[in-house]
Every structure is written in structure tokens, then in C-alpha cells.
Amino acid sequence: MLCRQWETRQGNWGRRTAALIAAVVTFVVVPSAAGVPGDPTPPVVTPQISLGTLGTNGWYTTNVTVSWLVVDPESVILSTIDCGVTTLTADTVGTKLTCSATSDGGEATVSKTIKVDKTPPGVAAAPSRAPDANGWYNHALSVAFSGTDATAGIASCSSAGYSGPDSGSASVAGSCTDLAGNVGTASFPLEYDATPPAVSKVAAKAGNRRIDLSWSASADTKSVDVTRTPGSAGAAASTIYRGPAASYRDTGLRIGKGYRYAVTAFDQAANTASKTLTVTATGALLSPVPGAKVSSAPVLVWAPVKGARYYNIQLARGRKILSVWPTKTHFRLPRSWVFQGHRYRLHRGVYHWYVWPGFGKFSANRYGSMLGGSTFFLSG
């Protein structure tokens, strides 16, 4: 009887123990199944730009703030590494940021490379040529712009031209753009004058083996050149004057020789304007110039002689046909006159004329050396 009760009690205890063990095993298995049946995927990690201006070609042109969005809808995030907020303030050709996150589904690592260039490129200007004169340009030019950029590099640069208006403080503007989209600018200052000066009223007055030249030039004229053809010492042409004056006397000329004068005005930019005239050199007999062609009775003009009180003028056409004694240094030939009992008239042909200076009283009949002789041709 006692044995049965013991057996019965022992059997009940065994059954209870087995049931308890079974309950404990079930409790341990369920929570230990992490990442396998309940969450088969790792977290989703996404970089987020909360501050920053995106330029071109993936570059940012301002400070950039990067944060990370880490989510796992199937389980909780167990841990993160380097997933905080980062602000990039310096130019960089590429800074790599990495965020790692772990959940019951595993581990995910995501990287993001940020390129920052906040600095505009440096820009330099290069004209197509040097100034034409004294730092001035006098005709159109082009200006090319080039750039340097230490971070993103240069994408493109502009070019431009200038052809006016005239200005002592002109400028040409240009720019360069880097690969991030930053734009740098520069300008090329210049002095520009494409307008030539003016030269006018060029005149010549013949003297005794000399020519007195005069001219008028505009206010912007800085210098005047006078060139003579033929030139000095056998040269084809010579510059006989250079300077700021408005007149020049050319001396030592050959009587009866034709000389061509070019009067050229230069401004500060080397623009030029020129006038020319041709003059026949005379001796003491000034007008008409030797060999001149006249259409009517000319006025004979000669150089004064110091101390002379009168002059003897003689006209010849094959032989002497006129002799007069004017007291001034000019005499207009009459259309007709009587000489040595014969009447003469001016008509078409070549005439020679000569001049002697007279000193003292007319009755003293005292003459100096002949001033010279010359010719003219009467066409009418």
C-alpha cells in the first residue's frame, strides 16, 4: 500500500518536471530566432543634404550639411557608426562620408562623396596685340580671357573685342566659369583713339631760295612732320621738320626746282592726317615762279634789297621790250606800252624779266648786282 502511493507520487512528479522543461525550452527558442525568420533585410541608410547649393557637374558651391536617415520597418536599429550630422565648409575635390547601421536584419553601410568649390576662378585678360603708340590703341582689337581654378577646374572663358568709342578710360569685360558653375570676372582697361587729327590751311610762300610753309592743326595734334621730295643730299625724300610748330622755313633750294611738301599731323595714338602741295623754288625774283604759266598780265614780285631806293625792271621777248624803275618791290605789267618809240602788247609767248637794285638818287645811276632773271609763259 505504501509502495503504490510512492510510485504514484513519483510518477506525478516526473510528469510535472517534464512539462516544466518543455515550457522552458519554448520560451528560449522564440526570442533567439533574431534576423532569420522575423527580419530578413538590413536597415535602409539614406544620405540627406539639408543645406547646400548644388552647382554643376555634381559640385556644391556653398557650405554643405549632410545627415543620415536610417530606417528598418521590420525591427529596431541596434547601432549606428558615423551617422551624425556633418557640415563641410572648405573647398574639397571630394570628401567621402560613411554611415553604418545594424538591425536584427543585419548591417548596412552607405557612403556619399561630396565635392565643394565655393571659390570663383581667377581670370586674366590678354589683348591680341600691344598698344599702337604711347599706350594707345588706334584700331580694333580683341581680348581673350583665361582662368585658373584650383579645385573644380576651368570649364570655359569668354573673349571680346573693342572698336570704339574713343576713350582714354575704355575697358573690355570678360569672365571664366569653373566646372562647379562659379563665375569669375575681369576687365582689360585701355586707351582708344581711332580718329585722326585734322590738318588744314597748308600754304607756301616763296622767298629767295627758300620756301616758308605754314599750316593749321587740330588741338589733339602732338607732332607734325614735314617731308620734302626731292630730299636732301640726293635722297628721294627727306623729313625736314618734326615738332609741334605751325610753320617752317626751308632754305638752300635750287632756283626753278619743283618741291613737293607733305605736312603730316600725328596725334597721341599715332593717327595721322596729311596735306601736300608742290612749290617751285625761286631766287630773289619771287613771282611769277620760274616757268610759271599765267593767263593775264602778271604782277612781278622780287625780294627787297637793303638800302635800295628803286629798282630797274627789264622785260624781254627775244629782245628788250620794256624798262621801268618802280620804287616798290612789285610791278604789274600793263597790257600795252610804248618803249623806245614802239608800241608793245602782251600776247601769248615766253617772257624773260630781270631786276637790278638802285641806290641813292635816280640821277646817280648807281645800281647793284642783278638780283636775278626769271621767265613766265603767257597763255592768254
Side-chain angles (χ1 to χ4, degrees), residues 199-216 226-230 237 240 246-264 273-305 308 310-358 367 369-380:
V199 59
S200 60
K201 300 179 181 178
V202 177
K205 181 179 180 181
N208 188 359
R209 298 174 60 87
R210 70 173 187 264
I211 298 293
D212 290 329
L213 297 165
S214 62
W215 57 85
S216 178
V226 178
T227 303
R228 188 188 73 201
T229 305
I240 58 174
S247 62
Y248 177 72
R249 172 172 286 182
D250 189 19
T251 61
L253 303 179
R254 180 181 172 185
I255 297 173
K257 181 72 175 178
Y259 293 91
R260 182 177 182 269
Y261 294 92
V263 179
T264 304
S274 185
K275 296 287 187 180
T276 62
L277 76 168
T278 299
V279 185
T280 300
T282 67
L285 279 57
L286 305 178
S287 180
V289 298
K293 184 178 180 180
V294 298
S295 60
S296 60
V299 176
L300 306 180
V301 182
W302 55 93
V305 175
Y310 57 91
Y311 300 87
N312 178 227
I313 309 300
Q314 297 185 14
L315 182 68
R317 191 179 63 221
R319 65 178 184 273
K320 184 167 65 174
I321 58 175
L322 176 65
S323 183
V324 292
W325 288 264
T327 58
K328 298 184 181 299
T329 57
H330 55 84
F331 175 74
R332 177 179 291 278
L333 290 176
R335 291 295 301 179
S336 65
W337 64 91
V338 174
F339 176 70
Q340 295 182 346
H342 294 85
R343 176 164 292 278
Y344 294 93
R345 294 180 59 87
L346 287 176
H347 58 79
R348 180 183 177 89
V350 176
Y351 291 83
H352 296 260
W353 61 289
Y354 309 90
V355 178
W356 287 264
Y367 295 94
S369 300
M370 183 176 69
L371 293 183
S374 187
T375 63
F376 63 87
F377 175 75
L378 181 63
S379 61

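Side chain of Thr276 to backbone of Tyr261: no donor-acceptor contact under 3.5 angstrom is found. The main-chain N or O of Tyr248 is never found under 3.5 Å from a side-chain atom of Trp215 such that the two would form a donor-acceptor pair. Distance alone, capped at 3.5 Å, places no donor-acceptor pair between the Ser336 side chain and the Tyr344 backbone. Although no hydrogens or angles enter the test, the distance criterion places a donor-acceptor pair under 3.5 Å between the side chain of Thr375 and the main chain of Gly291.
The shortest side-chain heavy-atom distance between Trp302 and Ser374 does not fall under the 4.5 Å cut-off. Side-chain contact between His352 and Phe376: absent, with no pair of heavy atoms (C-beta onward) separated by less than 4.5 Å. Proximity of Leu315 to Phe331: side-chain heavy atoms (C-beta onward) are nowhere separated by under 4.5 Å. Inter-residue side-chain proximity for Ser323 and Tyr354 is flagged as unmet; no heavy-atom pair is nearer than 4.5 Å. Here the side chains of Thr329 and Val355 are not in contact, with every heavy-atom distance at 4.5 Å or above. Residues Leu371 and Pro357 have side chains in contact (heavy-atom distance under 4.5 Å, counting atoms from C-beta outward). The closest side-chain heavy-atom distance from Arg343 to Val338 is below 4.5 Å. Looking only at side-chain heavy atoms (C-beta outward), Tyr259 and Ile211 stay at 4.5 Å or farther from each other.
Between atom CZ of residue Phe339 and atom CG of residue Leu322 there is a gap of 7.0 Å, rounded to the nearest 0.5 Å. Once rounded to the nearest 0.5 Å, the distance linking NE2 of His342 with CZ of Arg319 reads 7.0 Å. Atoms CE and CG, from Met370 and Leu285 in turn, are 8.5 Å apart once rounded to the nearest 0.5 Å. Between atom OG1 of residue Thr251 and atom CG of residue Asn208 there is a gap of 11.0 Å, rounded to the nearest 0.5 Å. The CG atom of Asp212 sits 5.5 Å away from the CZ atom of Arg210 when rounded to the nearest 0.5 Å.
Around atom CZ of Arg345, no more than 12 heavy atoms belonging to other residues, nucleotides or ligands sit under 6.0 Å away.
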Please assess Tyr310 against Lys328 for the test side-chain contact (heavy atoms from CB on, under 4.5 Å), listing each intermediate value before the final yes or no. CA-CA 7 Å; Tyr310 57 91; Lys328 298 184 181 299; over 6 Å; no
Is there a side-chain contact (heavy atoms from CB on, under 4.5 Å) between Ile255 and Arg209? Walk through the geometry before answering. CA-CA 6 Å; Ile255 297 173; Arg209 298 174 60 87; 3.8 Å; yes
Set out, in order, the CA-CA distance, both residues' side-chain angles and the distance that settles side-chain contact (heavy atoms from CB on, under 4.5 Å) for Leu300 and Leu333, then state yes or no. CA-CA 7 Å; Leu300 306 180; Leu333 290 176; 3.9 Å; yes
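Under the side chain to side chain contact (heavy atoms under 4.5 Å, CB included) criterion, Ala237 pairs with Thr227, Thr229, sequence neighbours left out.
Across all non-hydrogen atoms, the minimal contact from Val199 to Val202 is CG2-CG2, 4.2 Å. Scanning all heavy atoms of the two residues, the minimum distance from Tyr351 to Leu346 falls at OH-CA, 3.6 Å. Closest of all the heavy-atom pairs between Ala204 and Val279 is CB-CG2, 3.4 Å. Of all the heavy atoms in Arg317 and Val350, the pair that sits closest is CG-O, 3.6 Å. Listed here is the closest heavy atom pair of Ala308 and Tyr311: CB-OH, 3.6 Å. Between Tyr367 and Gly358, the closest heavy-atom pair is CD2-CA, 3.9 Å.
Partner of Asp250 under the salt bridge (Lys or Arg N to Asp or Glu O under 4.0 Å) criterion, out of Lys205, Lys257, Arg260, Arg228: Arg228 alone.
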